Structures are given as structure tokens and as C-alpha cells.
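Small disclaimer: the values here were computed from a predicted structure and weren't measured. Reminder, nothing fancy here: chain letters follow the sequence lines and each chain counts from 1.
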Protein chains: 2
Amino acid sequence: MYTALLQHIRKYVTLTEDEAALICSKLKALEIKKKGFLLSPGKMCRANYFVSKGLLRLYIINQKGHEQITHFGLEGWWLTDYGTLDSQQPTRVYLQAVEDTEVIAWDTPTQEALIQAIPQLDTYFRKVLQRAYAAAQRRIEFIYCYTDEERYRYFSAYFPEFIQRVPQYMLASYLGFTPQFLSKIRAKKTSP
Amino acid sequence: MYTALLQHIRKYVTLTEDEAALICSKLKALEIKKKGFLLSPGKMCRANYFVSKGLLRLYIINQKGHEQITHFGLEGWWLTDYGTLDSQQPTRVYLQAVEDTEVIAWDTPTQEALIQAIPQLDTYFRKVLQRAYAAAQRRIEFIYCYTDEERYRYFSAYFPEFIQRVPQYMLASYLGFTPQFLSKIRAKKTSP
DNA sequence: GTCTTTTCTTAATCCTGATTAACTTTTCTT
DNA sequence: AAGAAAAGTTAATCAGGATTAAGAAAAGAC
């Protein structure tokens with residue numbers, strides 16, 4: 001159950017068996033059924049979630065009343081609303097399972113206690129966050145430098161398995177355009 | 001010279017005088033004249049920069065040959081090309097001073113050595129990265145949920161001093177549109 | 001296995017912002 | 001102070017995607 005998490009941590013730092021056992025004893029794995037929610041607007045965001053199996057999406061409802069997906073969380077990713085994590089503010093986001101999903105929830109007091117007990121975890125989270133931030137930097141570049149169609153072409157060329165896994169309207173939302181437009185550009189390619 | 005940096009670190013963790021002195025002794029402050037470069041395409045990105053005075057911009061040249069600004073670095077911000085930091089890949093970005101600027105460069109071996117010597121720095125960088133990532137998450141939401149004009153209006157309402165500080169074409173680039181469009185929406189507001 | 005809900009497609013029209021180009025103003029340089 | 005370069009403006013035309021609406025197909029529910 002915690003294998004994926006421990007494996008992930010050990011890609012960055014070394015853990016003794018005792019330390020691994022301590023981590024497992026303090027955390028709880030959660031199973032979320034497809035379309036179940038970990039967060040929804042008005043709730044307090046109190047944990048960071050490691051996806052050990054399945055797929056999450058983070059989205060908000062925009063001014064026009066449409067869902068706007070801003071992040072996906074695949075196996076091996078950390079996902080939460082960092083903007084309100086540990087603040088006194090309720091979240092404005094939805095965090096929902098796209099498939100039956102298993103996550104390991106780290107609420108902040110537990111995370112801080114584990115970091116105290118196992119200082120390598122400080123390094124682990126620092127490195128994970130640096131990678132996540134690097135990815136976000138690249139994504140902003142990607143959004144600004146390419147058209148919607150180019151971003152879709154790139155995505156389907158580089159992540160064909162992912163495209164299979166999510167409904168098209170979610171992919172369209174994540175890439176920042178409408179499902180109708182996605183249909184249009186898909187039709188364009190397969191016709192000749 | 002290092003006051004801004006030490007103050008920043010002390011917002012997150014406590015440092016003894018000895019530790020502060022150690023940090024200062026290992027790092028070097030750099031002065032970059034307006035329009036000077038810290039990085040340009042083909043160079044290796046070997047350091048993370050803390051802006052203690054002035055303003056940096058990070059940009060790339062897109063397919064059409066135009067500058068696309070993806071990040072600004074004001075006083076108290078960390079900025080670098082995390083995508084290639086410490087990789088064997090040369091960077092593709094420009095990191096340039098918008099004004100005469102002073103930065104404190106942390107190359108990675110020095111950073112790692114200081115973290116070894118002063119474990120609180122692990123926590124410091126983790127927290128700084130978490131804040132930076134939270135900001136990036138919000139920015140992606142901002143880009144996707146608002147039109148170009150709305151983003152400009154928001155920006156000028158919330159960061160009026162910043163708007164004064166950068167040429168309009170840089171602001172337009174950062175917000176993802178053309179200088180012509182910015183002229184247009186500015187004219188619109190002041191006319192009635 | 002039918003009925004319902006969800007997802008995907010197609011097409012017409014509309015709108016936001018890009019492009020191009022010419023011009024004005026401001027800022028550097030010497 | 002004069003000239004050159006950089007930055008900002010205006011306007012006409014164009015294009016990439018949104019919107020709206022209706023229908024088709026696929027997936028779930030019972």
C-alpha cells in the first residue's frame with residue numbers, strides 16, 4: 001500500500017527500515033471512488049496528497065460557470081491546493097478522482113512531525129517541490145509560446161497513454177480550450 | 001549587502017550569528033547593470049539567484065522570433081531556470097536585469113554545502129519553493145480563467161507600483177499579449 | 001437489454017486579440 | 001543639442017478559437 005510512496009522518497013533520499021515503518025505508521029491511505037472528492041469549495045485544505053494509484057484532477061468553476069482544470073495528479077505525483085494549504089482560508093477548488101484512486105494524505109502537523117523525526121524528509125520535499133516548480137515554469141512557457149492546436153499536438157505526441165486515460169473534455173479544459181475545438185482539430189488530422 | 005537575504009531567511013527559520021556569517025562568507029553578491037545578462041541560451045545554468053535589489057526578467061525567444069517573458073524577479077525573490085539547473089543541458093532562456101540589479105548567486109555545490117552545515121536551510125528552501133509553487137499554481141489558474149484584458153486590469157489594480165517600473169512592452173509580454181493590444185485597452189479606459 | 005446520462009461531433013456565427021504598417025513620443029548617446 | 005534608437009500609439013485587416021445549438025455515440029444504471 002505504501003510501496004509507491006516509499007519508493008518515491010527513496011529516489012531522492014535514503015531511509016532506514018525503521019524510518020520507513022515510522023512513516024507508514026503515521027499516515028493513512030485513502031481510497032476515493034471515481035468522481036469522489038478530496039476537496040471542494042468552502043472546505044479547509046489541510047493535507048497534501050500523494051497519488052499512489054489512479055488519477056486526480058484539480059479544477060475550479062470559472063466566472064462563466066464552467067469547470068477549468070488546472071492540474072492533474074497521476075501516480076507518483078503530489079497534489080493539493082497549495083494556495084490555501086494551512087491557511088485560514090477555505091479552498092475554492094475541487095480535487096476529484098478521475099478514476100478509482102488511492103492517495104496517501106499528509107496533513108501538515110503530521111508532515112512537520114515526520115520531518116522533525118526524519119530530517120531527510122526536508123530534503124525530499126525540497127527536491128520534490130523544486131521539480132514541481134520547474135515543471136510549472138516550463139508549463140507557463142508552453143502556454144505562452146504555443147497555440148492551442150500546437151499544445152494538443154505536442155501532448156498527444158508525447159503522452160499518448162495519458163490521452164487514452166482521460167475524457168476529451170477534461171483534456172480540452174486542461175489545455176485551455178473547448179471540447180468543440182478539440183473535436184475540430186482531431187477531425188482535421190484523420191480525414192486525408 | 002546580504003541584509004535582505006538574511007532577513008528573508010529569518011522570516012522562515014532562525015539563524016545564529018555564526019550561521020549568518022558562514023552564509024555570507026560562502027556566497028558572492030553580483031551587480032548587474034541594466035540590460036546585463038546572468039544567463040543566455042547555450043550557457044549552463046549553475047546557480048539560483050536571490051534578488052536583493054533591482055529587477056530581473058526571464059524570457060525566451062519564441063518560434064516567431066519574439067521575446068516571451070515568463071517570469072520577473074523582484075527584490076526578495078529567487079529566480080533561475082530550474083528546468084536546466086544542475087543538468088547537463090544548456091539553458092534556452094535569457095535572464096536579464098531590467099534595472100541595475102544586485103543578486104546573490106548560490107551555485108549548487110555551495111548551496112548543498114551550506115544546507116549540510118545549516119540544516120534549517122533545508123526547511124527554508126522547502127518553504128520558499130512551496131510558496132513559489134503555490135504562486136505558479138495560482139498563476140496558471142489566472143491565465144486560464146481570465147481574458148487578456150481582465151488580467152491587465154487585475155494587474156494594474158493590484159500592482160500599480162510594478163506597472164510603473166517596467167516598460168509596457170515587457171508587461172504585455174509577461175501577460176501574454178502584444179504591446180499594441182495593451183495600448184488599445186489603456187486608451188479605452190482613459191477616453192470617457 | 002432498455003433507458004438515461006454522459007461524452008463526443010459538426011457546423012454557423014461571432015469575438016478577442018494578432019498582424020502589419022505607419023507614425024509619434026521618449027530616452028539614450030555623443 | 002542633435003541624431004539615433006527604443007518605446008508607445010493608432011488603425012485596418014485577419015485568424016484562432018469561443019459560442020450556440022443540435023444531433024450522434026458511448027457508457028452507466030437498473
Side-chain angles (χ1 to χ4, degrees), chain A residues 33-37 55 57 59 61-69 72 94 96-100 142-156 162-192, chain B residues 33-37 55 57 59 61-69 72 94 96-100 142-156 162-192:
Chain A
K33 282 260 168 277
K34 182 171 176 173
K35 300 197 178 169
F37 290 97
L55 175 61
R57 63 171 181 147
Y59 68 94
I61 302 291
N62 66 19
Q63 295 162 308
K64 291 173 189 152
H66 299 150
E67 290 177 1
Q68 175 60 60
I69 298 177
F72 282 112
Y94 294 89
Q96 187 191 37
V98 177
E99 313 166 350
D100 290 352
F142 187 58
I143 291 169
Y144 276 147
C145 293
Y146 299 94
T147 65
D148 291 0
E149 178 163 1
E150 286 168 340
R151 289 205 305 280
Y152 168 71
R153 302 273 182 226
Y154 179 90
F155 226 77
S156 40
F162 184 74
I163 302 243
Q164 302 296 91
R165 240 172 120 173
V166 295
Q168 286 186 29
Y169 75 93
M170 288 193 193
L171 184 66
S173 175
Y174 178 74
L175 291 174
F177 48 77
T178 60
Q180 290 87 330
F181 181 65
L182 181 49
S183 264
K184 197 154 127 189
I185 59 186
R186 292 192 74 216
K188 214 159 73 177
K189 197 175 191 180
T190 45
S191 48
Chain B
K33 282 258 170 278
K34 181 171 177 173
K35 300 198 177 167
F37 290 96
L55 175 61
R57 63 172 183 148
Y59 67 94
I61 301 291
N62 67 18
Q63 296 162 309
K64 293 174 189 150
H66 299 151
E67 291 177 1
Q68 176 60 59
I69 297 177
F72 282 112
Y94 294 87
Q96 188 191 35
V98 176
E99 314 165 350
D100 291 353
F142 187 59
I143 291 169
Y144 276 146
C145 293
Y146 298 93
T147 65
D148 290 0
E149 179 165 359
E150 286 168 340
R151 290 205 305 281
Y152 169 71
R153 301 273 182 226
Y154 179 90
F155 226 76
S156 37
F162 184 74
I163 302 243
Q164 301 295 92
R165 240 172 120 174
V166 295
Q168 287 187 28
Y169 76 93
M170 287 192 192
L171 184 66
S173 175
Y174 178 74
L175 291 174
F177 48 77
T178 59
Q180 290 88 331
F181 181 65
L182 182 48
S183 264
K184 198 155 127 187
I185 58 187
R186 292 192 74 215
K188 214 159 73 176
K189 196 174 192 182
T190 46
S191 47

By nearest nucleotide on DNA chain C, pick out whichever of B:Lys34 and B:Asp148 is the more 5' one. B:Asp148

Using whole Å, report how far [atom1] of [X] lies from [atom2] of [N].
X: B:Leu171; N: D:dG8; atom1: CG; atom2: P; value: 10 Å
X: A:Tyr146; N: D:dG17; atom1: OH; atom2: P; value: 14 Å
X: A:Ile143; N: C:dG17; atom1: CD1; atom2: C1'; value: 18 Å
X: A:Phe181; N: C:dT9; atom1: CZ; atom2: P; value: 14 Å
X: A:Gln180; N: C:dC14; atom1: CD; atom2: C1'; value: 14 Å
X: A:Leu182; N: D:dG17; atom1: CG; atom2: P; value: 12 Å
X: A:Tyr169; N: D:dG17; atom1: OH; atom2: P; value: 23 Å
X: A:Lys184; N: C:dT9; atom1: NZ; atom2: P; value: 14 Å

Please work out if B:Ser183 contacts a base, only the sugar-phosphate, or nothing of the nucleic acid, heavy-atom cut-off 4.0 Å. base

Touch class at under 4.0 angstrom, heavy-atom based, for A:Thr178 against every strand present: base

Answer yes or no: does a side-chain N or O of [X] lie under 4.0 Å from OP1 or OP2 of [N]?
X: B:Arg186; N: D:dG8; result: no
X: A:Gln168; N: C:dT9; result: yes
X: B:Lys64; N: C:dT19; result: yes

Which base, if any, makes a Watson-Crick or G-U wobble pair with C:dT30, both distances under 3.5 Å? D:dA1

Out of curiosity, [X] [atom1] to [Y] [atom2], how far, rounded to the nearest 0.5 Å?
X: A:Tyr152; Y: A:Arg186; atom1: OH; atom2: CZ; result: 4.5 Å
X: B:Glu149; Y: B:Leu175; atom1: CD; atom2: CG; result: 12.0 Å
X: B:Arg151; Y: B:Tyr146; atom1: CZ; atom2: OH; result: 11.0 Å
X: B:Gln63; Y: A:Glu150; atom1: CD; atom2: CD; result: 4.5 Å

Counting distance only, does the side-chain N/O of A:Gln168 pair as donor-acceptor with the main-chain N or O of A:Leu182 below 3.5 Å? no

